[in-house]
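These notes are about the structure you will find just below.
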Amino acid sequence: MAIGGGRSSRSGKRISSSSPSSYTSTVTTIAFIALCVVGAWMLTSTSVAPPQTANLTSKAATTLVSTESDAAATTNVVDQSGSASRTTNGKKKQSVFEDNPGDLPADAIKTDQADGGKGADTDQDKDNKHTQISEESTMTTAQSANQQVISDETMTQQNTKAADKPNMEERQQTEEKGNNIVQGNPSLEARVFEEQQQQQRMEDAGVQNPAEEKPENKVTEEDQAQRMQQQQQQMQDNAQKKLAEPTQQHDHQQQQQNDEAHHQERIKVENPEKTSEVVSSGMIPKESKESKRSWSTQAGESESQKERRKEDETKGQDSELPKDTWQLCNVTAGPDYIPCLDNEKALKKLRTTGHFEHRERHCPEEPPTCLVPLPDGYKRPIPWPTSRDKIWYHNVPHTKLAEFKGHQNWVKVTGEFLTFPGGGTQFIHGALHYIDFLQRAVPKIGWGKHTRVILDVGCGVASFGGYMFERDVLTMSFAPKDEHEAQVQFALERGIPAISAVMGSKRLPFPSAVFDLIHCARCRVPWHNEGGLLLLELNRLLRPGGYFVWSATPVYQKLKDDVEIWQAMSALTVSMCWDLVTIKRDKLNKIGAAIYRKPSTNDCYDQRKKNFPPMCPNDDDPNAAWSVPLQACMHRVPSEPSIRGSRWPDDWPRRLQKPPYWLNSTQMGIYGKPAPQDFTADYHHWKNVVTVTYIKGLGINWDGVRNVMDMRAVYGGFAAALKDMKVWVVNVVNVDSPDTLPIIFERGLFGIYHDWCESYSTYPRTYDLLHADHLLSKLKTRCKLVPVLAEVDRMLRPGGTFIVRDESSTVGEVEGILKSMHWEVHLTNNNDKQGILSAQKGDWRPETFALSSS
């Protein structure tokens with residue numbers, strides 16, 4: 001500062017020319033006058049309100065700062081992530097992954113401390129406008145941000161030194177009274193300033209009194225100039241600290257409200273009346289770079305995927321909108337188009353279909369950028385639980401199943417509805433009776449406690465899985481897209497989890513040893529063929545000690561074919577060391593069920609006389625499941641207590657919140673903490689985000705939400721936070737992300753591996769809500785964004801919601817693409833480099849068709 005520098009120079013000259021005696025006399029006189037005036041002021045004043053601001057130079061020059069305050073004001077490095085989680089008045093620290101950044105690793109979050117500082121300063125100016133002399137016009141943005149950081153630090157010091165606070169306030173009032181007197185006398189102001197400068201230089205040099213100064217302690221003019229610059233900077237910091245002190249006196253809760261109000265001003269909501277409902281989306285947890293070394297990925301585990309990764313990486317990115325306007329997909333499947341299952345070009349090139357290769361995934365070389373048309377007469381889906389029993393006929397206008405399976409109570413046509421009596425081939429009189437029949441057969445099954453996550457093979461319309469919700473059991477149902485015509489689409493329209501898949505030549509896209517029970521009711525799978533190839537795949541998926549329920553005619557009929565299949569199946573299961581627990585007959589449905597149990601130790605494997613089926617090689621990874629050919633072998637059961645699969649999970653619902661026993665504290669979690677702590681923090685983060693922001697702040701009608709997908713699940717925290725709602729969530733772990741899907745299953749949830757550069761194996765219009773947390777910015781490095789969002793449009797129902805949390809630049813691109821598809825963007829909020837978007841798909845469809853790709 002020019003003025004301060006000039007005075008300092010003159011002060012330096014006076015020191016060298018003035019005698020010690022005259023100097024001491026002058027100082028004594030000034031000090032005496034000042035003390036007298038201060039005393040008179042204190043006696044005559046009834047109440048004094050300390051001024052809020054003053055000229056930076058003069059106020060700093062006349063304020064005596066304690067050693068503790070100097071240390072706080074001159075601190076050069078402030079831990080911003082730490083300051084965000086400091087506490088006041090005994091309040092606990094916030095959780096690591098709450099919307100407040102907390103103490104996440106520095107590379108995992110981005111803060112907007114400067115914006116927050118400015119917002120707090122503005123509120124303070126309004127509250128104290130009648131007493132302040134504004135000087136913020138002379139401060140830079142950096143100074144304002146620095147003031148807020150120092151203010152936060154000083155608040156912490158006040159809490160830790162509460163005993164000294166009364167003395168500090170009294171000293172502050174006395175000093176500021178003297179400051180006003182000195183400011184009223186320019187000559188006295190200059191002299192006091194020079195005196196303080198001299199005293200500070202003596203302190204810096206270790207000199208107690210000028211008269212006692214030794215020759216070796218003298219300071220050169222060059223050193224004096226340098227120290228003067230340092231002193232000026234220190235005094236500026238002190239002045240900023242003094243300006244921040246009124247903010248320290250605000251209640252902590254009021255400060256949070258001010259920050260929230262400042263944040264809400266930046267949110268763009270189409271309905272202004274809902275602005276007050278929208279809360280801060282906060283910082284978005286991001287993967288720690290170091291943690292990636294600790295976790296494998298499906299792309300890395302699956303040998304057949306490595307070459308594809310190289311091809312994907314060379315594709316680059318192109319987030320531009322289609323050159324022309326959006327068009328409808330011109331394909332034979334029409335409104336039921338599944339790109340990777342309806343690729344007619346690829347299907348024509350297949351050399352064999354003996355292993356149902358024609359039902360497996362064959363994705364187009366270029367993902368489609370067209371939009372799937374709506375069926376004629378389409379209506380918004382009927383909400384759950386009514387949808388379990390009936391759906392709109394025009395939404396899934398297929399009657400073949402009603403014609404062939406109506407007598408088995410699969411599905412019937414009733415006016416404008418398709419109705420589902422709850423039956424099936426093996427449970428004509430209702431799924432609930434059949435479910436309870438299995439529980440009575442083996443009480444240890446323990447639906448909803450011991451057994452929580454199951455797999456239903458060849459599910460039909462998934463009535464078994466639909467009624468399993470009444471027993472608090474999650475069922476992943478699957479069936480191929482075959483002549484049964486849209487059976488999986490029926491299931492999803494009803495609000496029941498299901499995917500289109502087939503047991504063919506490749507492993508199913510799930511980790512090993514994750515399903516508590518696997519169910520097959522007349523699922524038409526030849527388990528005994530080819531050395532038990534397909535049954536061995538179930539053995540890979542089944543948890544050690546888990547059950548396989550086989551309800552089929554070979555169990556209870558004596559026809560020649562049935563007897564031969566039963567004998568082959570019996571020999572196979574014995575050689576696999578499966579224990580036949582029981583065979584029970586259901587008199588009401590006139591069927592029978594054989595229930596097997598997978599071994600929980602390796603004792604039987606070691607005692608087998610014949611090595612058939614063989615044990616898998618040690619280098620065969622049972623968790624590699626993305627485009628991996630089936631292997632006719634068995635993997636050994638983990639024997640070490642610290643390895644996954646060595647013991648059964650806790651009963652539901654305890655397993656939901658408890659970190660799996662096999663999560664190692666020495667392993668770094670996805671967000672940079674030890675894995676068990678990472679797991680817990682992730683759960684609390686999403687519980688807070690869902691409760692505060694998603695349910696209350698985004699304006700979503702949750703009564704109409706049933707089918708939910710987390711497109712980038714990590715530990716499954718988002719799904720866990722929705723536990724008490726009438727929804728189910730499929731957790732997708734991308735093939736190039738850390739392989740955390742076993743953790744998701746362990747906590748009683750379910751999910752699937754997938755590569756979002758390809759189409760997902762589901763029918764169009766099958767999800768009510770899609771959630772993408774930090775997914776799209778990662779995908780842009782491997783594939784184009786437009787086809788991904790076209791796939792989002794395909795999966796989501798009209799009226800469905802898409803929530804995106806990602807980098808601000810990516811959120812902006814997504815918003816533009818969604819608007820080009822006539823989506824209604826309800827909310828966008830960009831906070832520093834992070835953002836959140838909530839958008840709703842409408843009924844709009846293009847009027848023209850794309851050129852046929854067949």
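For the ring pair (Phe, Tyr, Trp, His ring centres under 6.0 Å) test with His519, the passing option among Tyr434, Phe548, Trp550, Tyr547 is Tyr434; the others fail. Evaluated for a side-chain contact (heavy atoms from CB on, under 4.5 Å) with Leu656, the options Glu746, Arg452, Lys723 yield exactly one hit, Lys723. Exactly one of Thr801, Asp710, Asn731 qualifies for a side-chain hydrogen bond (donor to acceptor under 3.5 Å, both in side chains) with His771. That residue is Asp710.
Side-chain contact annotation: Trp626 with Asp755, donor-acceptor N/O pair under 3.5 Å absent. A donor-acceptor pair shorter than 3.5 Å can be found between the side chains of Asp806 and Ser777.
Taking CG of Asp456 as the reference point, atom SG of Cys520 lies at 8.5 Å (rounded to 0.5 Å). Between atom OH of residue Tyr763 and atom CD of residue Gln489 there is a gap of 6.0 Å, rounded to the nearest 0.5 Å. Atom-to-atom distance recorded for Leu371:CG and Met821:CE is 6.5 Å, nearest 0.5 angstrom. Taking OH of Tyr467 as the reference point, atom CD1 of Ile496 lies at 8.5 Å (rounded to 0.5 Å).
Taking the ring centroids of Phe510 and Phe515, they lie under the 6.0 Å cut-off. In this structure, His429 has its ring center no closer than 6.0 Å to that of Phe437. Between Trp728 and Tyr767, the ring centre distance stays below 6.0 Å. A centroid separation of less than 6.0 Å is found between the aromatic rings of Phe417 and Trp392.
Taking the six-membered ring for Trp and thresholds of 30 and 60 degrees, Tyr760 and Trp756 have nearly parallel ring planes, at less than 30 degrees apart. Ring-plane geometry between His450 and Trp648 is classed as parallel, the angle between the planes falling under 30 degrees on a 0 to 90 degree scale with a further cut at 60.
Contact between Gly669 and Asp678 at its shortest, heavy atoms only, is C-OD2, 2.9 Å.
A cation-pi geometry, defined here as NZ or CZ lying under 6.0 Å from the six-membered ring centre and within 45° of its normal, does not hold between Arg494 and Phe469. Cation-pi contact between Arg388 and Phe420: absent, since separation from the ring centre below 6.0 Å together with deviation from the ring axis within 45° is not met.
Remark: Arg794 engages Glu791 in a salt bridge (charged side-chain N to carboxylate O under 4.0 Å, His left out) (not counting sequence neighbours).
A heavy-atom distance below 4.5 Å is found between the side chains of Leu818 and Leu837.
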> What's the verdict on side-chain hydrogen bond (donor to acceptor under 3.5 Å, both in side chains) for Arg797 and Asn395, showing C-alpha distance, side-chain angles and the deciding distance?
Replying inline: CA-CA 11 Å; Arg797 292 168 168 172; Asn395 287 11; over 6 Å; no
